[in-house]
Amino acid sequence: MKDDASNFLPLAPAALHILLSLAAEDLHGYGIMQDVARQSEGKYKLRSGTLYDNLQKLIQRRWVEELGQRPGDDDPRRRYYRLSSLGRGVLAAETARLATVVREARLRLQVAKPRRA
Amino acid sequence: MLRFLYQGLLRLHPPAFRMRFAEEMQSIFDQVTERSARVGLLADGFLSLLRQWSMRPEFWHEFASGGEHAASDGIPSFYTLDPYRPRAAAVVHGLILTMAVFCLTCFAIAYGWIHVLHVSIPEVQVESSPSVVPGAAAAIPDEREVASRPGDRTQDDFSGSSRSSQAPQTQAPDPKPFTAAEQNARGISRPAPPGRAGRRARRASAFNTAQNTASQPKGAPESSSQQIASLGSGPAGTPVQPAASALPLVPNTKIEAAERHRVIEAAVADLTRYYVDPDVAQKMAAALRAHEKSGDDDAATDGEAFADLVTQQMQDVSHDKHLMMIYGAAIAPESPQPPSAADIAAYRKEMERTNCRFEIVRVLPRNVGYLKFNAFPDAEICGPQAVAAMARLNDVNAIIFDLRDNPGGYANMVALIATYLFDRPTHLNDFYDRDKNTTEQSWTLVPVPGNKLADKPAFVLTSHLTFSAAEAFSYDLKMLKRATLVGETTSGRGHMAMGRRIDDHFMIRVPDIKVVNPISKTNWDGTGAEPDVKVKAADALATAEKLAESKLRGK
């Protein structure tokens with residue numbers, strides 16, 4: 001199943017952070033929450049309700065795959081999640097979009113700077 | 001106590017969500033020991049409860065996708081409903097509640113002074129429009145769709161694209177203009193342009209290589225035997241392969257003068273060969289070389305900065321927003337693969353899900369038709385929806401097309417919808433391909449039998465977010481004096497650009513096809529389509545309604 005990623009851009013902050021967390025490694029829900037807090041230096045607190053609401057959508061869009069439980073984990077209730085190749089593509093698209101925004105913003109802020117007489 | 005409350009909250013969630021995530025949410029709650037954090041989770045759980053019941057009806061019964069989980073040992077495990085058999089008392093309560101709600105609803109329908117229920121039965125206008133596909137009209141919702149808006153920022157050109165011939169034949173929207181025989185005999189398939197990815201590739205969205213066919217109007221001269229089928233792809237109208245999903249995000253590497261020189265020479269070669277305006281291409285080439293010679297590029301020692309600098313240098317000369325040097329890693333393969341059957345199926349599914357982006361089909365006061373659509377999707381797939389929408393508006397006295405949120409799409413849909421405004425096949429546009437030195441024509445189709453809109457006043461609402469094929473529709477109708485444009489100047493994207501690979505890290509996006517209107521002999525690129533009545537986009541509908549009213553009164 002492939003989807004038109006650009007239809008879903010820009011991503012909501014929660015979805016972006018979740019995809020970003022899973023880009024590095026497979027994680028369980030609590031791991032994602034901790035990683036998001038680390039990414040944003042504690043400025044963005046993703047809580048479980050928001051996390052699973054987003055995971056539900058991301059799984060449905062097939063951007064994230066559910067891996068199930070891992071034997072030997074501290075808590076057997078944990079399930080792990082993995083970024084799919086489609087999700088990786090969406091993340092790359094969003095990152096590129098943000099890069100364009102940042103570049104444009106820099107350009108405009110530079111232009112807006114008062115020139116020295 | 002908090003744990004007990006949280007557990008209760010989780011139990012109140014929709015069954016599908018609860019079965020899938022409640023355990024994990026509880027596990028997270030147990031892991032958190034700090035009281036304030038637990039209170040935060042509780043509040044978030046409450047919000048989640050409201051959200052799940054009010055905004056996520058599509059997931060309420062989603063057992064199918066949640067029912068199968070690959071277990072860690074690779075053997076899939078399945079949920080069954082057995083452990084969730086409801087208690088007998090619950091069934092009785094449910095029965096009583098259902099009866100009560102049913103009786104109340106019947107009472108409200110029969111005696112309510114406000115008609116809370118509008119049950120609209122789709123009408124099939126057999127006499128006036130034999131082309132209507134039964135049931136298609138039912139697919140047109142009257143209320144705004146909740147589907148995601150097309151990513152209008154990503155649509156930046158007509159990327160001419162064509163669906164590969166193995167694409168499944170779709171139900172023709174109109175037996176007359178879209179017979180399979182005509183499609184095969186007269187329609188053309190523009191070859192999938194290799195590397196037509198450009199900035200989209202950089203965005204790691206996929207390449208659109210879908211192929212269209214469009215039928216030749218019967219009245220069109222034989223010399224115009226070729227007709228551009230697609231004004232391009234966009235967020236709305238693009239079968240997509242996630243080819244770019246493998247794009248790695250690489251660090252920005254340093255580049256040397258030799259590489260800069262090589263990139264500039266490749267850019268010069270591509271510009272002089274492909275750019276739609278050869279004179280401007282020469283000027284840009286000279287400017288790039290002059291900058292290099294004078295050492296202006298020396299400061300740009302990393303790839304991204306250099307790409308931006310070259311982009312700026314090219315745009316300073318051409319003022320063409322499509323021209324761009326792009327830096328990335330392994331941006332595009334030499335020739336993108338045509339879309340697979342799965343891509344086409346995914347596109348079709350997405351279109352079905354969003355009703356082909358036809359958002360509102362409505363008859364306004366004074367019998368003015370209003371059609372808001374947020375893309376020009378492939379007519380081969382969305383023809384029935386377009387035909388049904390137009391059929392529903394067949395008896396109006398005037399028609400308003402709302403393109404304020406329309407980022408464009410396919411030329412065959414432009415031609416299909418425009419067909420309803422003319423009583424004969426009408427020449428809309430020419431597409432000039434610099435590289436091939438060919439010009440292809442786009443015409444409206446054979447008039448639809450029973451169509452009553454050909455002589456009715458038409459209005460097109462535009463905004464600065466009206467892009468690409470939507471601009472073509474606006475501009476063409478304006479040039480043909482067939483519609484009054486109301487709103488803002490459109491974005492000004494009238495070229496089709498293609499990304500061309502220079503090396504693993506650099507790509508250049510060169511507009512190589514331009515749209516030429518047969519009346520103005522030019523297009524709207526850079527300037528946008530100017531409205532006849534300039535008002536803010538937000539006021540465009542009210543203004544158009546007033547204009548329609550005064551026009552109808554004057555008749």
Side-chain angles (χ1 to χ4, degrees), chain A residues 1-10 23 28-30 32-34 45-53 55-57 59-60 62-63 65-80 84-101 103 106-107, chain B residues 17 20-21 23-31 40-41 43-49 51-52 56 59 62 65-66 69-73 77 148 150-151 153-154 199-200 202-206 234-236 238-249 304 308 328 340 342-343 346-347 350:
Chain A
M1 161 98 185
K2 292 156 186 173
D3 234 335
D4 188 347
S6 55
N7 275 351
F8 297 97
L9 301 188
H28 51 70
Y30 190 57
I32 295 174
M33 286 168 63
Q34 285 176 316
K45 277 183 187 155
L46 182 67
R47 295 209 163 94
S48 51
T50 315
L51 167 70
Y52 287 104
D53 176 55
L55 272 178
Q56 182 175 236
K57 281 187 283 183
I59 291 168
Q60 195 237 354
R62 318 239 169 159
W63 296 357
E65 291 160 5
E66 193 178 317
L67 299 177
Q69 290 142 346
R70 275 190 187 168
D73 201 309
D74 294 343
D75 189 337
R77 291 173 295 181
R78 284 174 179 168
R79 291 205 191 108
Y80 281 74
S84 71
S85 59
L86 186 60
R88 199 168 286 277
V90 172
L91 181 61
E94 173 71 345
T95 310
R97 189 190 68 79
L98 289 172
T100 313
V101 172
R103 194 175 58 237
R106 279 193 184 137
L107 199 67
Chain B
F17 185 88
R20 201 160 183 183
F21 298 121
E23 249 191 1
E24 286 176 87
M25 288 173 78
Q26 186 69 57
S27 138
I28 291 173
F29 191 86
D30 293 342
Q31 202 130 8
L41 283 179
D44 184 62
F46 184 69
L47 289 178
S48 162
L49 180 68
R51 191 166 44 222
Q52 289 300 326
R56 305 279 184 264
F59 292 118
E62 194 220 11
S65 55
H69 296 284
S72 49
D73 57 0
S77 58
S148 62
R153 297 297 193 282
T154 61
R199 194 153 57 190
R200 276 196 306 281
R202 187 180 191 199
R203 289 169 181 152
S205 65
T238 313
V240 159
Q241 341 166 35
S245 60
L247 293 188
L249 296 171
E304 195 156 318
D308 290 348
S340 64
D343 297 326
Y347 173 67
E350 176 62 14

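Within every chain, numbering begins at 1; the chains are lettered A, B, ... in the order of the sequence lines, protein sequences first and strands thereafter.
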Distance from [X] atom [atom1] to [Y] atom [atom2], nearest 0.5 Å?
X	Y	atom1	atom2	result
B:Asp308	A:Thr100	CG	OG1	9.0 Å
B:Leu47	A:Thr50	CG	OG1	7.5 Å
A:Arg103	B:Glu304	CZ	CD	6.0 Å
B:Ile28	A:His28	CD1	NE2	8.5 Å

Report the C-alpha distance between A:Gln69 and B:Glu23 in whole Å, list the side-chain angles of each, state the deciding distance to 0.1 Å, and finish with yes or no for side-chain contact (heavy atoms from CB on, under 4.5 Å). CA-CA 12 Å; A:Gln69 290 142 346; B:Glu23 249 191 1; 4.3 Å; yes

Taken in chain and number order and not counting sequence neighbours, the residues that satisfy side chain to side chain donor-acceptor pair (under 3.5 Å) with A:Gln34 are none

Over all heavy atoms of both residues, which pair between B:Ser48 and A:Gly49 is shortest? Give the atoms and the distance, please. CB-CA, 3.7 Å

If you look at every heavy atom in A:Arg78 and B:Ser27, which pair is closest and at what distance? CG-OG, 4.1 Å

Does a side-chain heavy-atom distance below 4.5 Å link A:Ile59 with B:Arg20? yes

Might you work through the side-chain contact (heavy atoms from CB on, under 4.5 Å) test for B:Leu41 and A:Ser48, ending with a clear yes or no? CA-CA 7 Å; B:Leu41 283 179; A:Ser48 51; 3.4 Å; yes

Passing option when A:Arg77 is tested against B:Glu24, B:Met25, B:Gln26 for side chain to side chain contact (heavy atoms under 4.5 Å, CB included): B:Gln26

Largest heavy-atom contact set with chain A, pairs under 4.5 Å, which of B:Phe46, B:Phe17, B:Phe21: B:Phe21

List in chain and number order the residues that pass ring pair (Phe, Tyr, Trp, His ring centres under 6.0 Å) with A:Tyr30, two or more places apart in sequence or in another chain; answer none if no residue qualifies. none

Which answer fits A:Asp75, side chain, backbone, both or neither, if we ask what part of it has an atom under 4.5 Å from a heavy atom of chain B? side chain

Pick one of side chain, backbone, both or neither for A:Lys45, based on which atoms fall under 4.5 Å of a heavy atom in chain B. neither

